Amino acid sequence: MTRYFNVNGACNPNRHYMVDLTSRLQEIRAMVDRGEYFTINRARQYGKTTTIRALEKFLQADYMVVSLDFQNIESAEFGTGSSFVHALTREINKKIRRMEEVPKGVEAQLAILADRTDQQVRMADLMECFSKWCEQAARPIVLIIDEVDTASNNQVFLDFLAQLRAAYLDRDTIPTFQSVILAGVYDIRNIRRKLRPEEEHKTNSPWNIAADFLVDMSFSVSDIAGMLEEYEADHSTGMNVESMARLLYDYTSGYPYLVSRLCKLLDERISRTERFSGLSAAWTKGGLLEAVKLLVAEKNPLFESLLNKITDYPELRTVVYDLLFTGRAVPYSPWNRSIEVAEMFGFVRNEKGSAVISNRIFESILYNYFMSEEYITSKLYDAGLQEKNQFIAGGHLNVRRILEKFVETFDYLYGDRDEEFLEDTGRRYFLLFLKPIINGVGNSYVEAETRNRERMDVVIDYRGEQFIIEMKIWRGNTYHERGEEQLAAYLDYFHLKKGYMLSFNFNKNKEIGVKEIVLGDRVLVEAVV
């Protein structure tokens, strides 16, 4: 069977190229061995279901594993305790049909509980059956439930969690599961729910016995390299595996879906284009930049889910906007509801005590989303759109000309504005001006490590070439010279000899325009507005 990169549903190592999950499974196995109850809560398409299915096989030699998916239970079946018990036991019965070691009495009792004609069954009956099963089983039982978000707004599900919690607390005297594992986006220990339309959202902790789940499910550079080595063994592209793994990580920060999607685009689409014909040409830096452009431009369920959350959570919108455009530092705090929501949905991560956008791909999607709201009314966007042909020569981007035209246009439109205006909106306006010029051919992102109130480095990818533009707020000559040195060092990192600087200067005697500064063997093109 020919393997391929999979982004739809769970991955199987016999059919798909995937990272080696062994170390993660061993960490989870240790939690199961300790008898812990826990949740695997990660953002959408983060490999939860793939991990669960692999875990089921990993544990089956020593444990009886009952793995369920709440997506198989209809929403109406969470309406009452009886209907929930019927539905849950129906799903359990499907799983145990091939398990010869289920005690006959327990199997019969589960069948009775699944009988929909009996409307008198209670949650207590189900828990009693579970206890009897755990007592009589030849091996400890592990219960796994995927997609628990399906039920999170229902009181009956919260009652079920409360029953599991009670069984856990009484486990020294009453037999119960060795381990219970719930998987979903939301952390069940701090779930928000709405029980009645007239109520406000409430925070509830029906399962506060859950252990911390600290297993890193993102892909490291070595994880990605291992997957690419398997692919290379099959296809002999001649790619530099370590270099490609690092590039994939740089753009995705190891977000599983994004890594796999870029690999799939390289394998199945980029390699069939005229410019990158063949796998050897596709699996290069230029091919990856082209795949990034395709990914950022596509509409997929993950991106739709992210942007929907911006609408659903106004406080999330504010945090993300500040992170992207203003450079205001947002301290990471798990007690801050906005940060908690942003992290839960995958928008941000904790980077040395600060909240930062999770990866370059999400950043590009969010930039495009926020700026699209201003396209119609933005005079700078119109200027960039109308003048775009003058910035491209022989298929190459003329960044100096972009800066010259931006300085001219910005000064004409906003030259009389105050310092506060420049500080809060100047950099956003440059991105609006740049967008129509590179749209459809190139892509840009802001380097997270340099984003602050004073400095923001924009990296432009255009037809295989990269350009670095440092946007900074003028704070005096000494600070400015230090900024030039920082940019020079950054050019060394990207192996470039020319860099660009856009300075927003509040000095009334400033000299507006563009000039070149030579620093050793490097050239800095500086624009001042």
Side-chain angles (χ1 to χ4, degrees), residues 10 21 24-56 58-59 63 65-73 78 84 88 91-92 127 130 140-169 171 176-193 201-218 255-256 305 309 334-335 337 339-350:
L21 298 177
R24 295 167 177 79
L25 297 177
Q26 289 172 338
E27 288 186 68
I28 301 173
R29 163 67 188 256
M31 298 180 73
V32 171
D33 290 344
R34 292 193 295 267
E36 293 181 332
Y37 285 29
F38 55 95
T39 63
I40 301 177
N41 60 288
R42 291 293 184 273
R44 294 290 180 198
Q45 294 183 283
Y46 217 91
K48 298 183 293 295
T49 300
T50 295
T51 300
I52 284 172
R53 294 193 177 182
L55 180 65
E56 185 176 357
F58 196 73
L59 296 175
Y63 297 101
V65 182
V66 181
S67 184
L68 310 176
D69 187 335
F70 267 7
Q71 287 188 123
N72 295 325
I73 298 179
F78 290 101
F84 174 72
L88 186 63
E91 295 304 312
I92 292 174
M127 300 310 295
F130 284 164
I141 302 173
V142 176
L143 176 64
I144 303 176
I145 303 177
D146 196 7
E147 298 292 347
V148 293
D149 302 297
T150 305
S152 61
N153 284 335
N154 297 282
Q155 179 63 57
V156 66
F157 173 63
L158 301 181
D159 293 342
F160 177 61
L161 291 181
Q163 292 289 328
L164 288 175
R165 176 182 181 276
Y168 176 87
L169 295 175
R171 65 190 310 170
T176 188
F177 297 112
Q178 167 72 17
S179 183
V180 175
I181 305 169
L182 307 181
V185 173
Y186 295 84
D187 188 345
I188 303 301
R189 294 176 302 176
N190 188 25
I191 195 166
R192 285 210 164 185
R193 60 188 173 95
H201 281 295
K202 295 181 178 180
T203 299
N204 187 40
S205 299
W207 217 47
N208 56 12
I209 44 86
D212 292 331
F213 184 76
L214 303 177
V215 178
D216 186 358
M217 293 177 63
S218 63
Y255 197 110
S305 175
K309 296 300 184 294
W335 301 105
R337 177 60 181 166
I339 298 299
E340 179 192 30
V341 169
E343 183 179 35
M344 181 170 63
F345 292 133
F347 284 101
V348 305
R349 56 186 168 85
N350 182 8

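What you are looking at is a predicted structure, and each value in this text was computed from that prediction instead of being measured.
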Could you state the interatomic distance from CD1 (I141) to CZ (F130), rounded to the nearest 0.5 Å? 9.0 Å
Residue pair D212 / M31: nearest heavy atoms and the distance that separates them: O-CE, 3.3 Å
Please walk me through it: do L164 and T176 pass side chain to side chain contact (heavy atoms under 4.5 Å, CB included)? CA-CA 9 Å; L164 288 175; T176 188; 6.0 Å; no
Out of curiosity, I28 CD1 to M217 CE, how far, rounded to the nearest 0.5 Å? 6.5 Å
Will you find, in the side chains of Y46 and N41, an N or O donor that is under 3.5 Å from an N or O acceptor? no
Min side-chain heavy-atom separation L143-L68 under 4.5 Å: yes
Identify the residue among V66, V65, T51 that makes a side chain to side chain contact (heavy atoms under 4.5 Å, CB included) with E56. V65
Within-4.5 Å side-chain heavy-atom neighbours: I181 and L55: yes
Could you tell me whether E27 and R24 make a salt bridge, using a distance below 4.0 angstrom between a side-chain N and a carboxylate O? no
Exercise: identify the closest heavy-atom pair between E147 and T49: OE2-OG1, 4.4 Å
Evaluate side chain to side chain contact (heavy atoms under 4.5 Å, CB included) for I144 paired with F177, printing each intermediate quantity in order. CA-CA 10 Å; I144 303 176; F177 297 112; over 6 Å; no
Are the side chain of D149 and the backbone N or O of V185 linked by a donor-acceptor pair below 3.5 Å? yes
Which of F70, W207, F84 passes ring pair (Phe, Tyr, Trp, His ring centres under 6.0 Å) with F157? It is F70
Please work out whether the ring planes of F38 and F213 are parallel, tilted or perpendicular, with thresholds of 30° and 60°. parallel
Nearest 0.5 Å please: distance from the CZ atom of F78 over to the CD atom of Q155. 13.5 Å
Shortest non-hydrogen separation from G184 to K48 and the atoms involved: O-CD, 3.7 Å
Please check: side-chain N/O of R171 versus main-chain N/O of Q178, any donor-acceptor pairing under 3.5 Å? yes
Could you tell me whether the side chain of D69 and the main chain of Q71 form a donor-acceptor pair under 3.5 Å? yes
To the nearest 0.5 Å, what is the distance between OH on Y255 and CD on Q45? 7.0 Å
Euclidean distance, L59 CG relative to R29 CZ, rounded to 0.5 Å: 6.0 Å
Full working for side chain to side chain contact (heavy atoms under 4.5 Å, CB included) between L161 and L182: CA-CA 10 Å; L161 291 181; L182 307 181; 3.4 Å; yes
Are T39 and V148 close enough that some pair of their side-chain heavy atoms sits under 4.5 Å apart? no
Working for side chain to side chain contact (heavy atoms under 4.5 Å, CB included), residues V156 and F160: CA-CA 6 Å; V156 66; F160 177 61; over 6 Å; no
Please tell me whether Q163 and D159 have a donor and an acceptor in their side chains that are separated by less than 3.5 angstrom. no
